[in-house]
K.L.:
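Okay, handing you the structure first.
What you see is a predicted model, and the numbers here were worked out from it, not measured in a lab. Below, all heavy atoms of this structure are taken into account, side chains as well, without hydrogens, waters or symmetry copies.
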Amino acid sequence: QVQLVESGGGLVQAGGSLRLSCAASGRTFGSRCMGWFRQAPGKEREFVAAVDWIGSTSYADSVKGRFTASRDNAKNTLYLQMDALKPEDTAVYYCAATMGNPIVVPTTTGSYAYWGQGTQVTVSS
């Protein structure tokens, strides 16, 4: 089993920055893809970014150039650095992990077996 706990959410003004962290515990952190998803009220949960076990990344078009996902396997931690935040980035952000080690970094919710509880990010205009 894998347990994931997000932290770092909060309130920030448009144009500001925020860094989210996801601490993993349980089974080993390596050999899994780790992802970030977000969900706004009344909307579907959507893909934001992901990092595989060796550091390859994938990003949603809406956040490319503004968000950076990374991982520190020694610390069993996943990060999401968010810069140039916009009001439309407001959502609950979730950390997720795959059960195995996909060849291609997955971008769909169904590809991830483990989920954190979420952390609220609010961007004011």
Side-chain angles (χ1 to χ4, degrees):
Q1 295 294 315
V2 175
Q3 294 80 46
L4 305 172
V5 180
E6 303 97 333
S7 63
L11 176 65
V12 64
Q13 292 187 12
S17 298
L18 204 61
R19 189 177 81 155
L20 305 183
S21 297
C22 173
S25 62
R27 296 185 179 181
T28 57
F29 188 60
S31 301
R32 299 179 187 274
C33 289
M34 302 290 293
W36 289 100
F37 291 77
R38 66 188 182 186
Q39 187 168 23
K43 296 185 177 181
E44 297 286 334
R45 188 169 300 186
E46 65 176 354
F47 171 76
V48 176
V51 189
D52 73 6
W53 72 289
I54 59 172
S56 296
T57 57
S58 182
Y59 297 94
D61 289 341
S62 60
V63 305
K64 285 182 179 178
R66 299 190 298 119
F67 291 9
T68 303
S70 61
R71 63 192 291 170
D72 187 333
N73 291 338
K75 296 181 178 179
N76 293 328
T77 303
L78 175 72
Y79 302 98
L80 183 66
Q81 177 66 44
M82 303 183 292
D83 298 318
L85 283 162
K86 304 174 180 180
E88 52 262 43
D89 293 319
T90 296
V92 175
Y93 283 69
Y94 297 90
C95 175
T98 61
M99 183 164 58
N101 182 28
I103 297 174
V104 178
V105 178
T107 60
T108 60
T109 57
S111 297
Y112 292 82
Y114 306 99
W115 296 84
Q117 81 288 349
T119 185
Q120 178 70 47
V121 171
T122 302
V123 184
S124 62
S125 60

K.L.:
Could I get the full list of salt bridge (charged side-chain N to carboxylate O under 4.0 Å, His left out) partners for Lys43, not counting sequence neighbours?
P.N.:
none
K.L.:
Under the 3.5 angstrom rule, does the side chain of Glu6 hit a backbone N or O of Gly118 as a donor-acceptor pair?
P.N.:
yes
K.L.:
In the structure I gave you, are the side-chain heavy atoms of Pro102 and Ser111 within less than 4.5 Å of one another anywhere?
P.N.:
no
K.L.:
Drop me the distance from Met34's CE to Leu80's CG, to the nearest 0.5 angstrom.
P.N.:
12.0 Å
K.L.:
So, the side chain of Arg19 versus the backbone of Gln81: is there a donor-acceptor pair under 3.5 Å, distance only?
P.N.:
no
K.L.:
Once ring pair (Phe, Tyr, Trp, His ring centres under 6.0 Å) is applied, do any residues pair with Tyr93, and if so which ones, sequence neighbours excluded?
P.N.:
none
K.L.:
Considering only residues two or more places apart or on different chains, which pairs with a residue in residues 84-96 satisfy salt bridge (Lys or Arg N to Asp or Glu O under 4.0 Å)?
P.N.:
Arg38-Asp89, Arg66-Asp89
K.L.:
Mind checking what makes salt bridge (charged side-chain N to carboxylate O under 4.0 Å, His left out) contact with Asp52, not counting sequence neighbours?
P.N.:
none
K.L.:
What pairs of residues pass the disulfide (SG to SG under 2.5 Å) test when at least one of them lies in residues 76-125, not counting sequence neighbours?
P.N.:
Cys22-Cys95
K.L.:
Are Thr109 and Phe47 side-chain neighbours, meaning at least one heavy-atom pair lies under 4.5 Å?
P.N.:
no
K.L.:
What is the distance from atom CD of Gln120 to atom CG of Leu11, rounded to the nearest 0.5 Å?
P.N.:
9.5 Å
K.L.:
With a 4.5 Å cut-off on side-chain heavy atoms, are Met82 and Val12 touching?
P.N.:
no
K.L.:
Is it the case that one hydrophobic cluster holds both Val105 and Tyr79, taking links as side-chain heavy atoms less than 4.5 Å apart, direct or via other members?
P.N.:
no
K.L.:
Output all residues satisfying ring pair (Phe, Tyr, Trp, His ring centres under 6.0 Å) with Phe67, sequence neighbours left out; order by chain, then residue number.
P.N.:
none
K.L.:
What verdict does the side chain to side chain contact (heavy atoms under 4.5 Å, CB included) test give for Trp36 and Leu78, after you've listed the backbone C-alpha separation in whole Å, the side-chain angles of each residue and the deciding distance to 0.1 Å?
P.N.:
CA-CA 9 Å; Trp36 289 100; Leu78 175 72; 3.3 Å; yes
